[in-house]
Structure formats: C-alpha cells, structure tokens
J.: 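Shown below is the structure under consideration.
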Amino acid sequence: MKKLYIGILGSFLIFNTVSYSSLSDVINKIDNVVNPKLRFDVGKASGVWYLLYDNDIKTKNLENITIDLAQEGEGYSYITKSYNPKRNVWIKEEKRAWIQEDKKSVYFYVRRNGPINYKNEILYFDDDMKYLVIYFKKENIIRVLTRSEMPSSEKINEIMAEVKKQGYNVSRLKRISYNPAVFDEEELRKAEEEREFYERLSRFGESGTINFDEAVEIPKN
C-alpha cells in the first residue's frame, strides 16, 4: 500500500510539473507573438548612413548629410557631417548614442554635451539594416536614413506608409540633396596620409630596417 501511495504521489507531481511547464511555454509563445522582441542589431547598424529625408529647418541649406555610427559597446560614436554650399564649408558634429529596447519599441538615446540624454524612438528598421527611421522627440523631427543616397523609390514609399500608419505626419519631410562632385578634401588628405604611413610601415616590417629619409609622422585625426 505504501508503494502505491508513493507511486500515485510521484505521478501527481510529474503531471503537475509537466502541466506547469506546458502552461508556461504556451504563455511565453503567446507573449512572443503579441509582443515580439525586436532585437535591434547594434553591430549591423553601425557604419555610414545617408540622411535622405527630414523636417529639420536647420538642414534647409545643407547637402551631402551623412551620419556615421561607429559601434562602441551597445552604443555608438555618432558623427553627423554635412556640407554648406553657400559658405563652402563642411560641418562636423560628434555625439554619443546608444540603443535600448523593450518588447514594443526601440529607443535611440543621444547625448550631446553634459549629462542630459535625449530619448528618441526608432520607427522603422529592416533586417538588413539598409533603412532606418528615427523620431527625435525633443525637436519633433523625423529622419529617414538609408545606406545609399539613391535608394529604391518603391521601398521609400513603403517606409513612408509604415511611418504614417504609426500616426506620424510625413507630408513635411523634405528630400536632402547629394552632389557627388563635392567631397571633403581634408578627409581625403588625412586618408592619403594614413595610407602612405601604413604602406611605409609595412615595408619596414618586411625589411627589418627603416629608411629615415622616408620616415613620416603618424597621422593625427
């Protein structure tokens, strides 16, 4: 009789454990369907983005606007670069940014100067990280970023429709112009100096000696 009781008790415990486990699995599956985790790929989103559209009055007279996201941990060094054709100058601004997400939204935090962080929301991104739309809440600005200055118009229309469906006004977004004939000569000069430096350094590594007539100063960024 004692063995029978132990067997019944064991069966009861196993049944309840399995039932509880099954119930938890069902709840988790429903939760993942209703509130899927977005899983924004921080590494994949790094690199250079072209600002294609925005509603920022400050970019009205600017062109060739790019945003370079250099990954640093779960965030980025956030460098905005633009060209002012009237003044014939390049403008560069560096900030710090990082990603935070929950099951409903992905947030793009930006820090300029000091301890104040600005919470912005990513309205759209694709799996290949070729398109990105960010709503900058404090300034009430929408920025549409792409990996190319001339992306598919069909894809852009699809993205605009998605942003509009979320309740945002896209009618005032303006197209940013890109002039391929304009380039930053200072950046090219630095890149060329760096290339020459590493080329000569590699020759030193091969020979084990260095020609001081060819010695160059380490490029400064």
Side-chain angles (χ1 to χ4, degrees), residues 40-72 75-99 105-113 117-188 191:
F40 186 89
D41 193 327
V42 174
K44 211 170 183 180
S46 62
V48 176
W49 292 87
Y50 293 90
L51 177 60
L52 198 69
Y53 287 93
D54 78 359
N55 57 332
D56 187 353
I57 193 170
K58 289 183 290 186
T59 62
K60 183 180 179 181
N61 298 316
L62 301 178
E63 58 185 40
N64 292 33
I65 305 174
T66 59
I67 294 174
D68 188 0
L69 299 178
Q71 186 179 0
E72 295 178 354
Y76 306 97
S77 166
Y78 176 99
I79 302 171
T80 305
K81 190 175 172 185
S82 57
Y83 177 68
N84 186 324
K86 289 184 178 180
R87 295 170 53 202
N88 190 29
V89 294
W90 285 91
I91 303 163
K92 190 175 180 182
E93 184 182 12
E94 187 168 355
K95 308 169 191 172
R96 178 83 176 93
W98 62 97
I99 299 294
S105 303
V106 179
Y107 299 103
F108 186 79
Y109 283 83
V110 175
R111 176 180 293 172
R112 292 194 180 117
N113 296 314
N117 304 322
Y118 296 92
K119 183 180 181 181
N120 314 294
E121 186 172 353
I122 293 180
L123 306 180
Y124 179 91
F125 66 92
D126 64 317
D127 291 339
D128 295 327
M129 287 297 175
K130 291 183 178 178
Y131 301 91
L132 191 61
V133 181
I134 308 175
Y135 173 59
F136 291 79
K137 186 176 181 180
K138 186 177 183 296
E139 301 139 303
N140 193 28
I141 290 171
I142 294 174
R143 292 192 171 103
V144 179
L145 309 174
T146 69
R147 293 296 194 179
S148 167
E149 65 270 35
M150 295 186 66
S152 160
S153 57
E154 184 179 344
K155 182 65 178 178
I156 293 300
N157 290 337
E158 177 190 320
I159 291 170
M160 293 295 191
E162 173 61 30
V163 172
K164 189 176 179 181
K165 191 166 69 176
Q166 294 181 44
Y168 294 90
N169 183 3
V170 299
S171 63
R172 293 187 178 182
L173 294 180
K174 66 181 184 303
R175 180 74 181 253
I176 305 297
S177 64
Y178 282 87
N179 184 350
V182 176
F183 51 86
D184 189 346
E185 293 182 1
E186 179 66 15
E187 287 287 327
L188 288 177

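Being a predicted model, the structure only gives us computed values, none of them experimental.
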J.: Heavy atoms only: give me the nearest M129-K44 pair and the separation to one decimal.
T.: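 For M129 versus K44, the nearest heavy atoms are CB-O, 3.6 Å.
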J.: Distance only, no hydrogens: is a donor on one side chain within 3.5 Å (strictly under) of an acceptor on the other, for K174 and T59?
T.: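 Yes, a side-chain donor-acceptor pair sits under 3.5 Å.
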J.: If you look at every heavy atom in G75 and R96, which pair is closest and at what distance?
T.: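 Residues G75 and R96, closest heavy atoms: C-NH1, 3.5 Å.
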J.: Checking E63 now: which residues fulfil side-chain contact (heavy atoms from CB on, under 4.5 Å) with it, not counting sequence neighbours?
T.: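 With neighbours one apart ignored, the set is Y83, P85, S177, N179, V182.
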J.: Please examine the side chains of W90 and N64, heavy atoms only from C-beta on, and report whether any two atoms are closer than 4.5 Å.
T.: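 Yes - at least one pair of side-chain heavy atoms lies under 4.5 Å apart.
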J.: Between R147 and S46, what is the shortest heavy-atom contact and its length?
T.: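 Nearest heavy atoms, R147 then S46: NH2-O, 3.0 Å.
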J.: Not counting sequence neighbours, which residues clear side chain to side chain donor-acceptor pair (under 3.5 Å) with S171? List them please.
T.: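 In terms of side chain to side chain donor-acceptor pair (under 3.5 Å), with neighbours along the sequence ignored, S171 is linked to N169.
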J.: So, the side chain of N120 versus the backbone of Y118: is there a donor-acceptor pair under 3.5 Å, distance only?
T.: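 Looks like yes, one N/O pair under 3.5 Å.
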J.: Classify the angle between the aromatic ring planes of F125 and F40 as parallel (below 30°), tilted (30 to 60°) or perpendicular (above 60°).
T.: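 Correct class here is perpendicular.
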J.: May I ask you to test the Y53-I156 pair for a side-chain heavy-atom distance under 4.5 Å?
T.: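 In contact.
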J.: Can you name the residues that form a ring-ring contact (aromatic ring centres under 6.0 Å, His included) with Y109, not counting sequence neighbours?
T.: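 With sequence neighbours excluded, Y109 shows a ring-ring contact (aromatic ring centres under 6.0 Å, His included) to W98, given in chain and number order.
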J.: Using a 4.5 Å cut-off on heavy atoms from C-beta on, say whether the side chain of D56 contacts that of E139.
T.: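 Contact flag for E139/D56 side chains = no.
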J.: Checking K86 now: which residues fulfil side-chain contact (heavy atoms from CB on, under 4.5 Å) with it, not counting sequence neighbours?
T.: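 Residues passing side-chain contact (heavy atoms from CB on, under 4.5 Å) with K86: N61, N84.
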J.: The criterion is salt bridge (charged side-chain N to carboxylate O under 4.0 Å, His left out); which residues satisfy it with K164, sequence neighbours excluded?
T.: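 K164 satisfies salt bridge (charged side-chain N to carboxylate O under 4.0 Å, His left out) with no residue once adjacent residues are dropped.
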J.: Judged by modelled atom types alone, do N140 and Y135 share a side-chain donor-acceptor pair under 3.5 Å?
T.: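 Side-chain D/A pair, N140 to Y135: present.
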J.: Can you list every side chain to side chain donor-acceptor pair (under 3.5 Å) pair that touches residues 122-134, not counting sequence neighbours?
T.: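 Found Y124-K155.
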J.: Among V170, V144, L173, exactly one meets side-chain contact (heavy atoms from CB on, under 4.5 Å) together with N55. Which residue is that?
T.: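 The residue from V170, V144, L173 that satisfies side-chain contact (heavy atoms from CB on, under 4.5 Å) with N55 turns out to be L173.
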J.: Which atom names give the shortest non-hydrogen contact between S77 and E72, and what distance separates them?
T.: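 Closest approach of S77 to E72: CB-OE2, 3.4 Å.
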J.: Do L51 and Y178 make a side-chain contact, defined as non-hydrogen atoms from C-beta onward lying under 4.5 Å apart?
T.: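 Yes, close enough: below the 4.5 Å cut-off.
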